[in-house]
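First listed ligand is number 1; within each ligand, the first listed atom is number 1. Every value quoted in this text rests on a predicted model; they were computed, and no experiment measured them.
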Amino acid sequence: MNDITIRNVQILDGLGGQSFAGEVGIQDGRITEVGSARPGKKEVDGKGQYLAPGFIDTHSHDDGAFFRHPGMEFKLAQGVTTVVAGNCGFSAVPIDPSVDPSRASGGILAGLEGSFTDLEGYFEAVLDKKPGINNMMLVGHNTVRTLVMGMAKRAPDARELGMMKSHVSKTLEQGACGFSTGLIYRPGRWSDTEEVIALASAANEFGALYTTHMRNEGDHLIEAVDEALRIGRESEVHLHISHHKSAGPANWGKVGDSLAKIDAALAAGQPVTLDVYPYTAGSGRMIEYFNLDNISRELAEVIRIASCPAYREYEGRMLKDIAAQQQVDICDLTLTILTAPKGDRTICIQFIIDEQDIATNLAHKDMMVGSDGIPDLKGKPHPRLFGTFPRILAKYVREDGILSLPEAVRRMTSLSAQVFGIEGRGQIEEGYWADLVLFDAATVKDLATYDEPKTEPAGISLVVINGNIGLQDGQHQHAGSGKMLRFKNSAYGE
Ligand code: ZN
Ligand code: CU
């Protein structure tokens, strides 16, 4: 007898082929039958719905969220069963817990608690919280650099570079899937290409990834892509470009040129993949986007405040509306916010992306989906935190027809699992882990908006994580069955 048998569904196996009618059996956490299945202690009738592998969020900042919100409801409700954390150069580990653990990330990783210093310690601490979903980690450049060099605005000396490299290697050895950078952020922006090549090379011996929030995503996007491709080539690691975009109206359309460069690299045999989030606004720490000596009015005008510890009343509002109401200049307002106590912890949302560029991105066969959600639930976060995966299915598959349903599912499951070394997941196949999502393709929809961002989606009726039901009929089951995954290996502790 199975633990769970799901009947009467259209199965999308995650590999991109057409769906087929059938049943799926689950036992001891794994998929044991595909096609026809024995009776289950629990039977689920999925009539009229699709059963797919659980979605993989390749771009998360959930390192700290696993402590603050261990149920990870905002991801689980989207059908996400695994996240990749440690992105944009900011990772929970390695750290010195005697120093403010969120120092490098300035709040993006808020929530970290415990006395761990390395990846295994982090895994233990998260598992103690009974996480709702699985987590795969990257080791971040900004984190490692801060640990070794603080906020030094210079190149490392040989000893410092060696120390950084050994931190990266040790974290990869403990199961991280790659090395991530955020080269627009501090302190990553103070590193030259050679430093990044030297550190990314540590991923080489593990066959792990180099993932990057590139040095520039606007006026110098193409040069930044060239740098990323060079780092991938010279360190001989798989390059994964995070949240591919061209920011600012003057640059809209450039993603086509950028993808042409990537296609040329792929044709020459270089391994490259990417991810994108399906929204026309980005989000991040506001202080990283402004030069305080010369505030950009153009940027300030398209900014909305997500979280602002200094002025909670600004959360959910556009800067231009606040400035108009207070009859102050928008640049002065920006400066006031950023220089207030905890002003550097302000998270903003910036409307800088063209809808057509999202379609261009999603049309690319090596484009995965990553939410880039910043899990600060106190304010009004970017709706991508709660809506990314259903939005792909609702808007880009059903409404706009940019990609087919089986192809969208492939990009959100097997492609991500294969590239990020997520073993035994991302497909509906006998022997694979039972990470599954059951949804209605006609009604699945993101409901999170900029005004009401903390809203779970509709149309997802069942989510299974490691053979346990995490969500059923809109109700969270608090199964706490998530695992800490290791690159191309069994989960931590197995
Ligand atoms: Zn980023
Ligand atoms: Cu990010």
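Among the backbone and side-chain atoms of H59, an N/O/S atom is found under 2.8 Å from the Cu ion (ligand 2). With a cut-off of 2.8 Å, the Cu ion (ligand 2) has an N, O or S atom of C88 in range.
Checked against the 6.0 Å centroid criterion, the rings of Y450 and H382 qualify as a close aromatic pair.
Looking only at distances, no side-chain donor or acceptor of H69 sits under 3.5 Å from a matching main-chain atom of G71.
The Cu ion (ligand 2) is closest to atom OD1 of D372 (considering only N, O or S atoms). Distances from the Zn ion (ligand 1) to each N, O or S atom of H213 single out ND1 as the nearest.
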For this session: Walk me through it: do C308 and I337 pass the test side-chain contact (heavy atoms from CB on, under 4.5 Å)?
Result: CA-CA 8 Å; C308 186; I337 292 171; 4.0 Å; yes

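Within the 4.5 Å cutoff, the side chain of L274 has no heavy atoms near those of the H243 side chain.
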